[in-house]
Each structure stands twice: as structure tokens, then as C-alpha cells.
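This report refers to the structure that appears directly beneath it.
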Protein chains: 2
Amino acid sequence: MKTYSISEVAKILNLTVYTLRYYDKEGLMPFIERTSSGIRMFKETDIDALRIIECLKSTGMPIKEIKNFIDWCSDGDSTLQQRYNMFIERKATVEAQMEELKKTLELIEHKCFYYETALEAGTEDIHKKNKIEITY
Amino acid sequence: MKTYSISEVAKILNLTVYTLRYYDKEGLMPFIERTSSGIRMFKETDIDALRIIECLKSTGMPIKEIKNFIDWCSDGDSTLQQRYNMFIERKATVEAQMEELKKTLELIEHKCFYYETALEAGTEDIHKKNKIEITY
DNA sequence: TTAATACTTAGAGTTAACTCGAGGTCAATG
DNA sequence: CATTGACCTCGAGTTAACTCTAAGTATTAA
């Protein structure tokens, strides 16, 4: 079974070796095996696990909470409910984030339009009722 | 014209007074007027400006870059192009973030399904070809 | 066999974004 | 006229997530 070095994994996942070692130090990678001389050997399944970690991270989950999940995984079937609950909760937060982003995008698109017309007019004043105000 | 105190604005925008003062310290609020005794008086337009700041922040823009934008606003029409470019760029990053989130959501939904079936079966083993592996 | 290269650890340093404490001012109320 | 509460500044402290340095080990290539 092929294994990967830390720098190979860093390249694959677009992370730095520092970050990977930091994750290991924080207990996010209890599954990584080592050579007799202590060098980490990453299996394909380890890389998949890291992808899940990255996925959770991208939902804004702090590393300490991700560690809880990793610990539950090591604990086996007795923690299935917790893990399920966690993903259901994550699903809700991501959906909320998408809603947030949608609103953000709308405001930004409005501003794009605002500046487009201001550029055409050569001045922002066309958007101001009262020309003394500055609109941010 | 009605004005608001810092604590009122904090309540409206769901921020702390500490955060608002921090933004001011960082130069994000050069437009806020003060009473003769130095107390900040927020106008409606100031609150709108803060909403834009929050919007930019929610796209992941660091405060120093938001400050650039605020400075451009104070500089007037000569910076219209920069500000337009900035919003176009923000639009692109938000769209990329939405794509990212979509993928994240798919993975999470997959995991919800994974744990749902595992819970029904009472064990995670049903998902494993090789029952010795742990799947994270 | 020696040089280069990639790995190891422990622990210190960095950065962003708050977050707060101390000490002070000011306006209103009993 | 003293007290209360909301405001002020300055600067220190906190936290998360890296990011890096130093000192050392292991593997390969000439």
C-alpha cells in the first residue's frame, strides 16, 4: 500500500508541512503511522480524513471541536449518535452561512452598480440627495 | 437629525462597544462626529457605513484593507475606479466562497447519510470493505 | 564518507481581531 | 452636591491558528 510523506500530503492538500504538524500536535491525526525512525507515513485513508478535517474547518469549526470529532471516531460505534448530530448541526450552520453570503453578494452587486454609474457620470454626486454627505 | 450612542449602535449591529471603538481606533470610522465633550454621535448614514464594513468583513476582507476603502471614500471621486475594482473583486471572491461552501455542504450531507445508515445498523462497519480500518 | 536533503521535536514568535481593565470625564438625579 | 451610569482613552491581555527556528536524525547520491 502506497504511503505519502508529509511534504507530499502538504502539496496534495495545499497546506504547509507546518500546518500538518500543528494539526498532529493538536491531536487531529492520531491515526498517522510512523516509520521505525519516527517519520510520518500518510495512507490514502489518512488523506481522506484530512479532507474531512479541511471540510469541517471550512465551515468555521474550531480545531478543538474537530478534535472532539476525531476522538469520537477513535471511540467507535458508541459515539455514532454524537457524530451524526454534529454533522446535522454543521449542515445547518453551512446553510446559514450560504444565506448570509447571498445577502452579502446582493449588497456587493448593488455597490458594483453604484460605482459603475458613478464612474460613467464621473462623480459620486449623482447618488446623493444632499451633495454635502459622503456615502461610504 | 437623530443620533445614536455607541451602545445603541452596538445593539443595532449586534457588535460590542469594544469592537466599535476598535474599528474607530483602526481608522474605519473617520466620519463619526463627537459632542463637545468627545462622545461619539452616530448618524443613520454612519450606521449604513458600518453595515458596509460588516459586509466587507463577512467576505473575509481584513480590516486594513477595509481601511483603504474608507480612505478612498474620503478622498472623493478620484478613487471611484479603485472602489469599483474592489467591489468587482469582492464579488468574485464571494462567488468563489459560495462554490466552496456548496462543495462543503455536499460532503457534509454525504456524512449525514453515512451516519444515518450507520445508526440504523448500529455500527459503522457496514460502510467498510475492510472492517479493520477506521473511517473518519 | 561526506554532503545534501528531508524528515523530526520543542518551543518561541507572529498576526488578526478582538477584549478588557484602570483611571478619568460628564450629565442627570435624589 | 454627591452618586450613578454611560461615556472616554490608553495600553495591556487574550485567543486561535498558524509559522518558524534551532538543534538533531535519517536516507540517499556522488
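Computed from heavy atoms alone, side chains included, the values below leave out hydrogens, waters and symmetry copies. These figures come from a predicted structure and were not determined experimentally. Below, read A as the first sequence line, B as the second, and so on, with proteins coming before strands; counting in each chain starts at 1.
Comparing C:dT19, D:dC20, D:dT9 by their nearest atom to the side chain of A:Tyr18 picks out D:dC20. Closest approach to the B:Ile39 side chain among D:dC7, D:dC10, C:dT8 is made by D:dC7 (side chain taken as heavy atoms from C-beta onward). The side chain of B:Arg21 has D:dC8 as its nearest neighbour among C:dC7, C:dA16, D:dC8. Listed nucleotides C:dT8, D:dC18, C:dA17 differ in distance to B:Tyr22; the shortest reach to its side chain belongs to C:dA17. Comparing C:dC7, C:dT19, D:dC7 against the side chain of B:Thr19 picks out C:dT19 as the nearest. When the nucleotides C:dC7, C:dA10, D:dC18 are ranked by their closest atom to the side chain of A:Lys57, D:dC18 comes out on top.
The residues B:Glu54 and B:Lys57 are annotated as salt-bridged, a charged nitrogen and a carboxylate oxygen being separated by less than 4.0 angstrom.
Of the two residues near DNA chain D, A:Pro62 and B:Gly38, the one whose nearest nucleotide lies more 5' is B:Gly38. Where B:Ser36 and A:Phe42 meet DNA chain C, the nucleotide closest to each residue was compared, and A:Phe42 sits on the side nearer the 5' end.
D:dA26 atom P lies 17 Å from atom CD1 of A:Ile6, rounded to whole Å. In this entry the distance linking CD of A:Glu65 with C1' of D:dA16 reads 13 Å, nearest Å. A:Leu28 places its CG atom 10 Å from the P atom of D:dC18, with the value rounded to the nearest Å. Protein atom CE of B:Met61 is 16 Å distant from nucleotide atom C1' of C:dA17, rounded to whole Å. Atom CD in A:Glu8 sits roughly 14 Å away from atom C1' in C:dT5 (whole-Å rounding). Rounded to a whole Å, the NZ atom of B:Lys25 is 12 Å from the C1' atom of D:dG13. For the pair A:Leu13 CG and D:dC18 C1', the interatomic distance rounds to 16 Å; values are reported in whole Å. For the pair A:Met41 CE and C:dC7 P, the interatomic distance rounds to 14 Å; values are reported in whole Å.
When the side-chain nitrogen and oxygen atoms of B:Ser37 are compared with OP1 and OP2 of D:dC7, none of them lie within a distance under 4.0 Å.
The residue B:Thr35 sits apart from the nucleic acid: no heavy atom pair falls under 4.0 Å. Across all strands shown, A:Ser7 has heavy atoms under 4.0 Å from sugar-phosphate atoms exclusively, and none from any base. Residue B:Arg40 is classed as a sugar-phosphate contact, given heavy-atom separations below 4.0 Å to backbone atoms only.
Remark: side-chain polar atoms of B:Glu65 are not paired, donor with acceptor, to backbone N or O of B:Pro62 under 3.5 angstrom. Although no hydrogens or angles enter the test, the distance criterion places no donor-acceptor pair under 3.5 Å between the side chain of B:Thr79 and the main chain of B:Gln82.
Side-chain contact between A:Phe69 and A:Arg90 is absent, with no heavy atoms from C-beta onward closer than 4.5 Å.
Figure legend: A:Lys2 and A:Tyr4 shown as a cation-pi pair, the cationic atom lying under 6.0 angstrom from the six-membered ring centre and within 45 degrees of its axis.
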